[in-house]
> 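Here you go, one structure.
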Amino acid sequence: MKKLMYVLASSLLLAAGLTTADDHSNGKSPIDATYSAECGSCHVPYPTRLLSANEWQKITSRLDKHFGVDASVDVATLKKLDQYLMGNSASTDRTTATGDKLPRITESRWFIHEHSEVAPQVWKRPNVKSPSNCSACHQNMNLRRAY
Ligand code: HEC
Ligand code: HEC
C-alpha cells in the first residue's frame, strides 16, 4: 500500500506543488537570469545548492562534453555562470564523483535519500525516463530554496 501511495504521490502531490514558486521566505538570492537561460533550456535550471562549488566547477569546465551533448557558452557567459554558481553552492561536496566523471545531483546521497520512497516503476515511466528530469514530477519547483 505504501508503494502505491508513492506511485500516486508522484503524479498528485507534485501537481499540488512540493514547494511554491513565490516563496521568498528563506531569503536566498533569486535565480540568476543568465543561469536560467543558459542552464535551463535542456533541463530545469537545477537548484544550485545541491552541488558544491568544486562540483559545479567540474561541470562548467567541461561544457563541451556535457553528458553527451555540447553545452558550451562564450567566455563572458561562463564567467558569469561561475560567479553565480560559486556564490550559491553547497559548502561541501555532495557526490563522490572522481576523475573524469561529471558529478550528478541525482547521484548525491541527499537525492537518493529524499527519493528512496519513490517506487522503481515510477522512474521508468515514459514521461519520466531519467531521475534528472525533475520537472516530470516537480511542478513549480522552487529553485530559490537552499536544499
Ligand atoms: C544542450 C542541452 C543542455 C544544456 C544547454 C545544459 N545541459 Fe545540463 N544536461 C544535459 C543533459 C542531456 C544531461 C543528462 C540528463 C540525463 O541524464 O537525463 C544534463 C545533466 C546535467 C546535470 C546532472 C543532472 C543529474 O543527473 O543530477 C547537471 C548538474 C547539469 N546538467 C548542469 C548544467 C549546467 C550548469 C548547464 C549550464 C552551463 C547545463 N547543464 C546546460 C543537457 C544540457
Ligand atoms: C519520478 C518523480 C521524481 C523525479 C524525476 C524527481 N523527484 Fe524529487 N521527489 C519526488 C517525490 C515523490 C518526493 C518525495 C516527496 C515527499 O517525501 O514529500 C521527492 C522529494 C524531493 C525533494 C524533497 C521535498 C522538498 O520539497 O523539499 C526535493 C527537494 C526534490 N525532490 C528535488 C528533486 C530534484 C532537484 C530533481 C531532479 C534532479 C527531482 N527531485 C526529481 C519525485 C521525483
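In listed order, ligands and their atoms are each counted from 1.
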> Out of curiosity, is V44 lining ligand 2, as in a heavy atom under 4.0 Å away?
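In this structure, V44 fails to qualify as a contact of ligand 2 - no heavy atom is under 4.0 Å.
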
> Checking side-chain polar atoms at under 3.5 Å, does D64 have a donor or acceptor matched by the opposite partner on S72?
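Side-chain D/A pair, D64 to S72: absent.
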
> Considering only protein heavy atoms, which is closest to atom 14 (C) of ligand 1, and at what distance to one decimal place?
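For atom 14 (C) of ligand 1, the nearest protein heavy atom comes out as F67 CB, 3.6 Å.
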
> Which word best sums up how the rings of Y84 and Y35 line up, parallel for under 30°, tilted for 30 to 60°, or perpendicular for over 60°?
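The arrangement is tilted - the two ring planes meet at 30° to 60°.
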
> Do I31 and P45 come close enough that some side-chain heavy atom pair is under 4.5 Å?
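Heavy-atom side-chain distance check passes, below 4.5 Å.
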
> Between T77 and E38, do the side chains contain an N or O donor and an N or O acceptor separated by less than 3.5 Å?
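Note: T77 and E38 side chains miss the donor-acceptor criterion.
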
> Would you check if atom 8 (Fe) of ligand 2 lies under 2.8 Å from any N, O or S atom of H138?
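Looking at H138, which is the residue asked about, there is an N, O or S atom under 2.8 Å from atom 8 (Fe) of ligand 2.
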
> Should you measure from each heavy atom of I59, which atoms of ligand 1 turn up under 4.0 Å away?
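By the 4.0 Å cutoff, the relevant atoms are 29 (C).
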
> Can you tell which of S108, P131, S116 gets a heavy atom nearest to atom 41 (C) of ligand 2?
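Nearest option to atom 41 (C) of ligand 2, by heavy atoms: P131.
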
> For the pair W110 (side chain) and L50 (backbone), establish whether a donor and an acceptor sit closer than 3.5 Å, ignoring hydrogens and angles.
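Judged by distance alone, no pair lies under 3.5 Å.
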
> Closest by any non-hydrogen atom to atom 42 (C) of ligand 1: pick that one out of V69, T77, T34.
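Of the listed residues, V69 has the closest heavy atom.
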
> Measuring from non-hydrogen atoms of W56 to any atom of ligand 1, is the shortest distance under 4.0 Å?
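Within the 4.0 Å threshold, so yes.
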
> Would N133 and S130 count as having a side-chain donor-acceptor pair, cut-off 3.5 Å?
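No donor-acceptor contact under 3.5 Å links the two side chains.
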
> With heavy atoms of C42 as the reference, note each atom of ligand 1 found under 4.0 Å away.
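Per the distance check, 1 (C), 2 (C), 3 (C), 4 (C), 5 (C), 42 (C), 43 (C).
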
> Which of the atoms of ligand 1 are close to L63, meaning less than 4.0 Å from one of its heavy atoms?
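Reading through ligand 1 atom by atom, the close ones are 38 (C).
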
> Short list, please: which atoms of ligand 2 are under 4.0 Å from a heavy atom of W110?
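Contacts of ligand 2 toward W110, numbered from 1: 28 (C), 29 (C), 30 (C), 32 (C).
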
> Suppose I only count heavy atoms of V122 and a 4.0 Å limit; which atoms of ligand 2 are within that range?
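Per the distance check, 1 (C).
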
> Rounded at 0.5 Å granularity, tell me how far CG in L102 sits from CG in L51.
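Reported to 0.5 Å precision, the distance equals 10.5 Å.
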
> By number and element, which atoms of ligand 2 are closer than 4.0 Å to a non-hydrogen atom of L50?
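Those of ligand 2 that fall under 4.0 Å from L50 are 35 (C).
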
> If you define the side chain from C-beta out and look only at heavy atoms, does anything of W123 sit under 4.5 Å from P131?
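Touching, per the 4.5 Å side-chain cut-off.
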
> Considering only heavy atoms, which of C137, S130, A136, A119 lies nearest to atom 43 (C) of ligand 2?
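Nearest heavy atom to atom 43 (C) of ligand 2 lies in C137.
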
> Ignoring hydrogens, just give me the one of E114, R125, R104 whose non-hydrogen atom is nearest atom 24 (C) of ligand 2.
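It is E114 whose heavy atom sits nearest to atom 24 (C) of ligand 2.
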
> Counting heavy atoms only, name the option from T106, V128, L102 that's nearest to atom 25 (C) of ligand 1.
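It is T106 that holds the nearest heavy atom.
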
> Under 4.0 Å from any heavy atom of V118, which atoms of ligand 2 are there?
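In order of number, 11 (C), 12 (C).
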
> Taking a cutoff of less than 4.0 Å between a non-hydrogen atom of the residue and any ligand atom, is T60 in contact with ligand 1?
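No heavy atom of T60 comes that close to ligand 1.
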
> Taking only heavy atoms of Y46, which atoms of ligand 1 are found under 4.0 Å from at least one of them?
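Once the distances to Y46 are compared, the set is 21 (C), 22 (C), 24 (C), 28 (C), 29 (C), 30 (C), 31 (N).
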
> Would you mind reporting whether R104 and S132 have side-chain heavy atoms less than 4.5 Å apart?
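Heavy-atom side-chain distance check passes, below 4.5 Å.
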
> Distance check, rounded to the nearest 0.5 Å: S89 atom OG versus Q57 atom CD?
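If I round to the nearest 0.5 Å, the distance is 10.0 Å.
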
> Looking only at N/O atoms, are I105 and ligand 1 under 3.5 Å apart anywhere?
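Checking ligand 1 against I105, an N or O pair does fall under 3.5 Å apart.
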
> Report the member of H115, Q121, K129 with the shortest heavy-atom distance to atom 13 (C) of ligand 2.
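Looking at heavy atoms only, the winner is H115.
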
> Within the side chain of T48, is there an N or O that forms a donor-acceptor pair under 3.5 Å with the backbone of N88?
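Yes: the side chain of T48 pairs with the backbone of N88.
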
> To the nearest 0.5 Å, tell me how far T96 OG1 sits from K101 NZ.
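The distance works out to 8.0 Å.
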
> Just wondering, is there an N, O or S atom on H66 that's nearer than 2.8 Å to atom 8 (Fe) of ligand 1?
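Within the cut-off used here (under 2.8 Å), H66 does place an N, O or S atom near atom 8 (Fe) of ligand 1.
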
> Might you point out which heavy atoms bring N127 and A136 nearest each other, and give the distance in Å?
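Scanning both residues, the minimum pair turns out to be O-CB, 3.3 Å.
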
> Does T92 reach the side chain of S52, with side-chain heavy atoms less than 4.5 Å apart?
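T92 vs S52: side chains apart.
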
> For ligand 2, which part of E117 has a heavy atom less than 4.0 Å away: the side chain, the backbone, both, or neither?
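Under 4.0 Å from ligand 2, E117 contributes no heavy atoms.
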
> In terms of ring plane angle, is the pair H66 and H43 parallel, tilted or perpendicular, where the classes change at 30° and 60°?
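Ring orientation, 0 to 90° scale: tilted.
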
> Which atoms of ligand 1 are found less than 4.0 Å from any heavy atom of L81?
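Counting from 1, the qualifying ligand atoms are 38 (C).
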
> Side chains of T106 and H115: does their closest heavy-atom pair fall under 4.5 Å?
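T106 vs H115: side chains apart.
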
> Using 2.8 Å as the threshold, say whether any N, O or S atom from C39 sits that close to atom 8 (Fe) of ligand 1.
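Within the cut-off used here (under 2.8 Å), C39 places no N, O or S atom near atom 8 (Fe) of ligand 1.
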
> Using a heavy-atom cut-off of under 4.0 Å, does the side chain or the backbone of V73 touch ligand 1, or both, or neither?
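The answer is neither.
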
> Under 4.0 Å from any heavy atom of S41, which atoms of ligand 1 are there?
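Those qualifying, in numeric order: 5 (C).
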
> Give the contacting part of N133 toward ligand 2: side chain, backbone, both or neither, where contact means a heavy-atom distance below 4.0 Å.
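The backbone, only.
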
> Quick test: of every protein heavy atom, which one is nearest to atom 7 (N) of ligand 1, and how far off is it to 0.1 Å?
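I find the closest protein heavy atom is H43 NE2, 2.8 Å.
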
